[in-house]
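All figures in this text were calculated on a predicted structure; none of them were measured in a lab.
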Amino acid sequence: MDCLWNDVIFLLPLHPYYVYEALHSLGVSIKKDLMFYEIPTERLIDNQNAVYFYNKKNYKGPAADIPDEEIQIIDITTYRECVALPSETLAYFTDEHKKGVNFGMFAHIPHILSLGNINIKDVNKINWSVAPVKP
């Protein structure tokens, strides 16, 4: 994408309820009414978009290049939202909660990186503690 970390907008590839549900089921102390924008993929069409597959062993800090194998440029018109958390995320949540330490809520979840602007006018705001409606 030939840009810096702060040039892109980081987006979840799934409804935030799945993160909430996993954390809540483990007994993690979290806010119930955390709000998110539900951004339709059509709003990303004019942007350059990629999926970022974070790998802790390859991370060299925000000034370093992301290894090619951790980035996949995507065609947002064919992209489909994920419907579950990765098993690595669930294992991470469980392990870190047992340790009693603070930890990242979005660890091991591939992120959509969008280079460009996103118009959020009239988009839905969703509460992460409310399950998505199945079509």
L44 reachable from L115 in the ILVMFWY side-chain graph, under 4.5 Å edges: no
Provide the full list of salt bridge (charged side-chain N to carboxylate O under 4.0 Å, His left out) pairs with a residue in residues 64-75, sequence neighbours left out, each pair given once. none
Begin from the C-alpha positions of W5 and I66 and carry the test side-chain contact (heavy atoms from CB on, under 4.5 Å) through to its verdict. CA-CA 10 Å; W5 287 101; I66 298 173; 3.7 Å; yes
Could you work out, with side-chain hydrogen bond (donor to acceptor under 3.5 Å, both in side chains) as the rule, every residue matching S129, not counting sequence neighbours? N127
Take H111 and Y54 through the side-chain contact (heavy atoms from CB on, under 4.5 Å) test and state the conclusion after the steps. CA-CA 8 Å; H111 285 58; Y54 168 79; over 6 Å; no
Could you see if I120 belongs to whatever hydrophobic cluster contains I112? Use Ile, Leu, Val, Met, Phe, Trp, Tyr and a side-chain cutoff under 4.5 Å. yes
Table please: side-chain donor-acceptor pairs of residues 6-24 below 3.5 Å, with sequence neighbours left out.
from: D7; atom 1: OD2; to: L4; atom 2: N; distance (Å): 2.8
from: H15; atom 1: ND1; to: Y17; atom 2: N; distance (Å): 3.0
from: Y18; atom 1: OH; to: K134; atom 2: NZ; distance (Å): 3.3

Examine I30 and L90 and state if one hydrophobic cluster contains both, with Ile, Leu, Val, Met, Phe, Trp and Tyr joined whenever side-chain heavy atoms are less than 4.5 Å apart. yes
Between V51 and I45, is there a shared hydrophobic cluster once you connect ILVMFWY residues whose side-chain heavy atoms come closer than 4.5 Å? yes
Going by the salt bridge (charged side-chain N to carboxylate O under 4.0 Å, His left out) test, which pairs reach into residues 107-129, not counting sequence neighbours? none
Side chains of residues 34-42: which donor-acceptor partners sit under 3.5 Å, not counting sequence neighbours?
from: E38; atom 1: OE1; to: N124; atom 2: ND2; distance (Å): 3.1

Would the distance check show the side chain of N58 and the main-chain N or O of P67 forming a donor-acceptor pair, the cut-off being under 3.5 Å? no
In terms of heavy-atom contacts, does CG of D95 have more than 12 from other residues, nucleotides or ligands at under 6.0 Å? yes
Let me see the working for N47 and I76 under side-chain contact (heavy atoms from CB on, under 4.5 Å), right down to the final yes or no. CA-CA 9 Å; N47 295 358; I76 205 67; over 6 Å; no
Hey, what do you get for CD (Q48) to CD1 (I73), rounding to the nearest 0.5 Å? 4.5 Å
Is there a donor-acceptor pair closer than 3.5 Å between any side-chain N or O of R43 and the backbone N or O of N119? yes
same_hphob_cluster(Y92, L85) at 4.5 Å side-chain heavy-atom cutoff: yes
Please tabulate, for the side chains in residues 96-109, all donor-acceptor contacts under 3.5 angstrom to protein atoms that are two or more places apart in sequence or on a different chain.
from: E96; atom 1: OE2; to: K99; atom 2: NZ; distance (Å): 2.9
from: H97; atom 1: NE2; to: L26; atom 2: O; distance (Å): 3.1

